[in-house]
K.L.:
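My questions will all concern the structure given below.
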Amino acid sequence: MTPDLLELEHTLATAVARFDQLRTWEALGEPTLGRHEALELLALSEVLARKAHYGRQLSVRTARAAGASWTQIGAALGTSKQAAWEAHTKWIDDQADQHRVSGVAGLAEPDVATLRDQAGDADS
């Protein structure tokens, strides 16, 4: 069981529900988690981290489109404007790379260009 397979199988809501179920069983010790369930729990934790990261970047995109500055976005994320900008521009680059490789996943060049323009620099 890998995060890549589980990510295709689960939405954020279903991944959270299954993670919560397994985590509760782990905490209570009943039923005892077997190897399969323990590995599923680990893989689901990675799936949740990936989906949360993606959702965060979509929210950053929305905040920029609504006129938020990087200082404001950094404050909302509990980080600096530079760190927020760098994380978002890396996400844009990763989306472009995914699209180049798969032709389907990620973002096509016109969308990437729009997002790069919207992101501006860390001082905007």
Side-chain angles (χ1 to χ4, degrees):
M1 180 145 327
T2 67
D4 291 340
L5 292 174
L6 287 176
E7 194 168 12
L8 296 173
E9 181 181 327
H10 287 284
T11 65
L12 178 59
T14 62
V16 167
R18 180 64 175 154
F19 177 86
D20 187 50
Q21 179 184 41
L22 292 171
R23 181 67 187 95
T24 299
W25 292 349
E26 179 186 46
L28 296 176
E30 284 189 30
T32 303
L33 296 184
R35 182 182 338 178
H36 177 80
E37 290 86 4
L39 292 171
E40 182 183 4
L41 181 61
L42 285 172
L44 282 168
S45 69
E46 176 60 23
V47 168
L48 293 176
R50 289 178 185 183
K51 289 184 180 288
H53 175 73
Y54 185 80
R56 170 185 270 191
Q57 294 311 316
L58 293 177
S59 296
V60 167
R61 179 186 68 183
T62 301
R64 283 298 289 175
S69 70
W70 284 110
T71 299
Q72 293 168 321
I73 292 169
L77 295 173
T79 190
S80 69
K81 67 181 183 180
Q82 184 70 33
W85 178 82
E86 287 175 3
H88 191 63
T89 56
K90 181 183 181 318
W91 176 79
I92 294 168
D93 292 343
D94 290 347
Q95 292 298 305
D97 290 344
Q98 282 182 21
H99 191 75
R100 274 192 291 278
V101 169
S102 73
V104 178
L107 296 170
E109 190 51 43
D111 296 324
V112 168
T114 299
L115 287 177
R116 285 189 176 130
D117 287 344
Q118 191 179 70
D121 60 35
D123 293 321
S124 59

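Numbers here are sequence positions counted from 1. FYI, side chains are in, hydrogens and waters are out, and symmetry mates aren't considered; it's all heavy atoms of this structure. No experiment lies behind these values; they were computed from the predicted model shown.
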K.L.:
Kindly state whether the ring of Trp85 and the ring of His88 have centres lying under 6.0 angstrom apart.
P.N.:
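Between His88 and Trp85, which both carry aromatic rings, the centre distance is not below 6.0 Å.
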
K.L.:
Flag yes if more than 12 heavy atoms outside Arg50 fall under 6.0 Å of its CZ atom; otherwise flag no.
P.N.:
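More than 12 within 6.0 Å, yes.
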
K.L.:
Enter the distance from Gln82:CD to Asp123:CG here, rounded to the nearest 0.5 Å.
P.N.:
7.5 Å

K.L.:
Tell me whether Leu5 is reachable from Leu42 by hopping between hydrophobic residues (I, L, V, M, F, W, Y) whose side-chain heavy atoms are closer than 4.5 Å.
P.N.:
no

K.L.:
Verify, without hydrogens or angle tests, whether Thr14 (side chain) and His10 (backbone) share a donor-acceptor contact under 3.5 angstrom.
P.N.:
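Judged by distance alone, no pair lies under 3.5 Å.
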
K.L.:
When rounded to the nearest 0.5 angstrom, what is the spacing between CG in Asp121 and CZ in Arg116?
P.N.:
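CZ of Arg116 is found 14.5 Å from CG of Asp121.
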
K.L.:
State the CD-CG distance between Gln57 and Leu115, to the nearest 0.5 angstrom.
P.N.:
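That separation rounds to 10.5 Å.
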
K.L.:
Please determine whether residues Trp25 and Leu44 belong to a single hydrophobic cluster, defined as Ile, Leu, Val, Met, Phe, Trp and Tyr linked transitively by side-chain heavy-atom distances below 4.5 Å.
P.N.:
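Linked, Trp25 and Leu44 end up in one cluster.
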
K.L.:
More than 12 heavy atoms of other residues, nucleotides or ligands under 6.0 Å from CD of Glu30: yes or no?
P.N.:
no

K.L.:
Would you say Trp91's side chain and Leu58's backbone share a donor-acceptor pair under 3.5 angstrom?
P.N.:
no

K.L.:
Is there a path of hydrophobic side-chain contacts, each under 4.5 Å between heavy atoms, that joins Leu22 and Leu12?
P.N.:
yes

K.L.:
For a side-chain contact (heavy atoms from CB on, under 4.5 Å) with Leu39, tell me which candidate from His36, Arg35, Glu37 qualifies.
P.N.:
Arg35

K.L.:
Nearest heavy-atom pair of Ala43 and Thr2: which atoms, and what distance?
P.N.:
CB-C, 4.1 Å

K.L.:
Which distance, rounded to the nearest 0.5 Å, do you find between the CD of Gln95 and the CZ of Arg61?
P.N.:
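The distance works out to 9.5 Å.
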
K.L.:
Looking at every non-hydrogen atom in both residues, tell me the closest pair between Trp70 and Ala119 and how far apart they are.
P.N.:
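Between these two residues, the closest heavy atoms are NE1-O, 2.7 Å.
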
K.L.:
Assess whether salt bridge (charged side-chain N to carboxylate O under 4.0 Å, His left out) is satisfied between Glu86 and Lys90, documenting all intermediate values.
P.N.:
CA-CA 6 Å; Glu86 287 175 3; Lys90 181 183 181 318; over 6 Å; no

K.L.:
Would Asp97 and Arg100 pass as an ion pair if we require N to O under 4.0 Å?
P.N.:
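Yes, this pair counts.
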
K.L.:
Which distance, rounded to the nearest 0.5 Å, do you find between the CD of Gln21 and the CG of Leu41?
P.N.:
11.0 Å

K.L.:
For Ser124 and Arg64: C-alpha separation, side-chain torsions, deciding distance, then whether side-chain hydrogen bond (donor to acceptor under 3.5 Å, both in side chains) applies.
P.N.:
CA-CA 10 Å; Ser124 59; Arg64 283 298 289 175; 3.1 Å; yes

K.L.:
Evaluate side chain to side chain contact (heavy atoms under 4.5 Å, CB included) for Leu77 paired with Arg56, printing each intermediate quantity in order.
P.N.:
CA-CA 9 Å; Leu77 295 173; Arg56 170 185 270 191; 3.5 Å; yes

K.L.:
Tell me the closest heavy-atom pair linking Ala96 and Val112, and the distance in Å.
P.N.:
CB-CG2, 3.7 Å

K.L.:
Following the transitive rule for hydrophobic clusters with a side-chain heavy-atom cut-off under 4.5 Å over Ile, Leu, Val, Met, Phe, Trp and Tyr, establish whether Tyr54 and Ile73 coincide in one cluster.
P.N.:
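In one cluster with Tyr54: Ile73, no.
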
